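One structure is given here, and the rest of the page talks about it.
Labels below follow one simple rule: chain letters A, B, ... track the order of the sequence lines, proteins then strands, and each chain is numbered from 1. Only heavy atoms go into these numbers, but all of them, side chains included; no hydrogens, no water, no symmetry mates. Being a predicted model, the structure only gives us computed values, none of them experimental.
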Number of protein chains: 2
Amino acid sequence: MSEQETPKARPAVRTLSDLARIAGVSAGTVSRALAGNSLVNTATRERIVALARDHGFRPNKMASSLRRQKTDVIGIAIPLGHDSRQQISDTFFITLLGHLADALTERGYDLMLRRVIPERDEDWLDRFIGSGMIDGLLVIGQSDQFDRIEDAADGYLPMVVWGNHAEGQRHCVVGTDNRLGGRLATERLIESGARHIYFLGDTSAVEFAARYAGALDAAGRSGVTVTPLTSHLSSDRLEAEVAANLDRSFERGDAIFAATDTLAIASLARLKALGIAVPDQVRIVGFDDLPLAAQTTPPLTTVRQDIRAGAFAMVDLLIRRISGEDTESIVMPPRLVVRRTA
Amino acid sequence: MSEQETPKARPAVRTLSDLARIAGVSAGTVSRALAGNSLVNTATRERIVALARDHGFRPNKMASSLRRQKTDVIGIAIPLGHDSRQQISDTFFITLLGHLADALTERGYDLMLRRVIPERDEDWLDRFIGSGMIDGLLVIGQSDQFDRIEDAADGYLPMVVWGNHAEGQRHCVVGTDNRLGGRLATERLIESGARHIYFLGDTSAVEFAARYAGALDAAGRSGVTVTPLTSHLSSDRLEAEVAANLDRSFERGDAIFAATDTLAIASLARLKALGIAVPDQVRIVGFDDLPLAAQTTPPLTTVRQDIRAGAFAMVDLLIRRISGEDTESIVMPPRLVVRRTA
DNA sequence: ATGAAAGCGCTAACAT
DNA sequence: ATGTTAGCGCTTTCAT
């Protein structure tokens, strides 16, 4: 079709050269003018800028990226666990994503979001890194991909991961001290009378494994039992899974340490349905301190992570890494928020 | 330092030509081989593919996009209202985003997420569209940008918007029949004894305005009053705002129709804090039916939108539009879910 | 079945 | 202060 689709009766000006022709200058000058390069004569620049506006010209970012070898795009990878629909719907990750979006937008970056299913795509990390589409990569959650992330980090500096920090690890991570958080939560449960604690969460994810380890730390000192109960974060199955676990196990337990608030809230609902009193019969502590946690009935006792601070830290580190600095990881202290469930 | 099977030992092969040189063929052949083009000799192809794997070669997507004039990336724009932090944290949008990510990933597209603040950037839509970075655009929520979206739609086919459908509009939209939903909610409130209903939400967003209109429809027939109470979705202020509104107004009202479940849940919490019984003194109906709605105390009566179906519909329409079809909008029927708050 | 060559639209080094 | 030119890394004719 050679017919104009634009309401304006002019031939669309889509490229720098189009605009250059109209302005009676060279493409180079247009490029410089639009970039605000001080070399161009002010009058020329203003004329070109006006022309660009009038004709609705937008430079093609692909071409620019290719030429500059810089895309101004940050990749965000969300590794999903075995269960292909795990986690992305988890409120915590989503909240983190929102803050990352804030922080990156503020710094002039676009976000390229990619959900990855490591089981189905072994090569997810290198593929994303090598795509040439991104200037840096943020990974939200290590899932069970710790080793693969380590490998990638050896050859790729501009990557920051949200997750757990292990002694001597090579990738740059921002996260909460999960083990300490787990200990705080469990200590609280014990203080409020727990003897048989269920840890609800998937310990194959390293963050959760650390929380579980913290629970064991706390229990070790007091003779309290801590039993892991695998529960995934998939929103469609979460409720059923929690229900099944609790129904089956609760004659024996008197407390739940849920790996996330989402899980804690689901448990709370289930216990209510079962007619089990919280915290009198069963105590619950969550993890994250989502806004929601304050609004449950009774309000949830939980371990707070400062998600917003974490997101901004990730972006800050990433930008420093993009400019070549080999930054250290940041481990943030968790804080126990005592409400009414324990 | 390790120098093993990793590409470190050899000069990295980053480009097609690098690989071509190693394989002893031309760049064109490598390109064809990697694309699975049937023209290339099977043996050659296999050799090249193996070589690519061994050397960890990944084609540069920017270059490919530029050449093919196709990026395999879909833009997702989230217009934020006046209050610059409105909405993105709203669970509804986030849930929608998750499903969109599912649907797009399934179809082989990447997602480029951009939060836009229309007040600060008049040109947000055309800038995104014209960037050359995306093959199509999904807009999550019309906010107060209806006219601008209409304008853009005239010159840009591959765009689908989540939001409200108005008679004769030109942009393709997927959404719930908000007005009907508003009517259903309000009818329910009236049935359960409401006489003075507060509509909680920002009616400058067209989706919410339609819900409010539906409320008026329902009230019109029964002499019940409906008073709008502007409330934004900003997560930090939401609670305070709801509190202020309710504290000030509740000697007069006996029901709340909240424009979203998020708002409804905040109201519920506030009423509880004020010692007002729900639903005996004040009835509440929400909108969305988030997973959470079933878990509040008492469980929330609300109007269900099928978010997942909506997301898949958006992607389906978008892909048809990308291939040139001028698709119709889809308006999905809302469904009243009666629980315990009204 | 493969190679050579011409760009995609932009930027930057090197001219003037 | 501006023009000219040579690519960025890939895909795709057009030849052979």
Side-chain angles (χ1 to χ4, degrees), chain A residues 11-49 51-52 55-73 110 127 129-135, chain B residues 7 11-49 51-52 55-73 110 127-135:
Chain A
V13 9
R14 309 181 325 92
T15 73
L16 272 186
S17 327
D18 291 346
L19 194 57
R21 199 171 349 90
I22 293 179
V25 297
S26 76
T29 301
V30 175
S31 175
R32 286 182 279 244
L34 262 27
N37 188 317
S38 58
L39 259 25
V40 274
N41 183 306
T42 312
T44 336
R45 182 175 62 234
E46 281 167 3
R47 195 163 50 82
I48 291 174
V49 168
L51 235 31
H55 291 263
F57 169 74
R58 343 251 153 204
N60 183 309
K61 277 210 77 176
M62 289 294 150
S64 169
S65 298
L66 180 59
R67 173 61 229 233
R68 292 184 306 133
Q69 297 294 86
K70 184 167 188 335
T71 64
D72 298 322
V73 175
D110 272 309
R127 185 201 302 292
I129 289 172
S131 69
M133 308 173 87
I134 57 177
D135 291 345
Chain B
V13 11
R14 313 180 325 92
T15 73
L16 272 185
S17 326
D18 291 345
L19 195 55
R21 197 170 353 88
I22 293 178
V25 296
S26 75
T29 302
V30 175
S31 174
R32 285 182 281 245
L34 262 28
N37 188 319
S38 57
L39 258 23
V40 275
N41 183 306
T42 312
T44 334
R45 181 175 60 235
E46 281 168 1
R47 195 163 49 83
I48 292 174
V49 168
L51 235 31
H55 290 263
F57 169 73
R58 341 254 154 201
N60 184 309
K61 278 210 76 176
M62 290 294 150
S64 168
S65 298
L66 180 59
R67 173 63 230 232
R68 292 183 306 131
Q69 296 293 88
K70 186 169 186 331
T71 63
D72 298 322
V73 174
D110 272 309
R127 184 201 303 292
F128 206 2
I129 289 172
S131 69
M133 308 173 88
I134 57 177
D135 291 346

Output the single nucleotide from D:dC8, C:dC10, D:dG3 whose closest atom is nearest the side chain of A:L66. D:dC8
Using atom CG of A:D72 as one end and atom P of C:dC10 as the other, report the distance to the nearest whole Å. 15 Å
Nearest-Å distance for atom pair CG/P, residues A:L39 and C:dT11: 15 Å
Quickly work out the A:I48 CD1 to D:dG3 P distance and round it to whole Å. 8 Å
Quick one: label A:S65 by what it contacts on the DNA or RNA (base, sugar-phosphate, nothing), any heavy atom closer than 4.0 Å. nothing
Please tell me if the side chains of A:I22 and A:H55 come closer than 4.5 Å, counting only heavy atoms from C-beta onward. yes
The answer to which of B:M62 and B:R32 contacts DNA chain D further toward the 5' end, by nearest nucleotide, is B:M62
Closest nucleotide of DNA chain C for B:T44 versus for A:R68: which of these residues is on the 5' side? B:T44
Provide, to the nearest angstrom, the distance between the CG atom belonging to A:L16 and the P atom belonging to D:dT4. 15 Å
Are any of the side-chain heavy atoms of A:L19 and A:T15 separated by less than 4.5 Å? no
Write down the distance between CG (B:D18) and P (D:dC10), rounded to a whole number of angstrom. 8 Å
Whether B:S26 contacts C:dG3 is assessed here as follows: a side-chain N or O lying under 4.0 Å from the phosphate OP1 or OP2. Is that the case? yes
Give one of base, sugar-phosphate or nothing for B:R14, where a contact means two heavy atoms less than 4.0 Å apart. sugar-phosphate
Rounding to an integer number of Å, can you tell me how far A:M133 CE sits from D:dG9 P? 16 Å
Evaluate the side-chain contact (heavy atoms from CB on, under 4.5 Å) criterion for residues A:D110 and A:D72: first the C-alpha distance (whole Å), next the side-chain angles of each, then the deciding distance (0.1 Å), finally the verdict. CA-CA 6 Å; A:D110 272 309; A:D72 298 322; over 6 Å; no
Atom CG of B:L34 and atom P of D:dT11: how far apart are they, to the nearest Å? 8 Å
DNA chain C: 5'-proximal contact among B:R67 and B:V25 (nearest heavy atom): B:V25
Within the 4.5 Å heavy-atom criterion, are B:L51 and B:F57 side-chain neighbours or not? no
If you assign each of B:S31 and A:A63 to its closest nucleotide in DNA chain D, which residue comes earlier from the 5' end? A:A63
Side-chain N or O of B:Q69 closer than 4.0 Å to phosphate OP1/OP2 of C:dG9: yes
Please report, rounded to the nearest Å, how far the P atom of D:dT12 is from the CG atom of B:N37. 9 Å
For a 4.5 angstrom cut-off between non-hydrogen side-chain atoms, does B:K61 reach B:T71? no
Closest to the B:T29 side chain, choosing from C:dC10, C:dG3, D:dG3: C:dG3
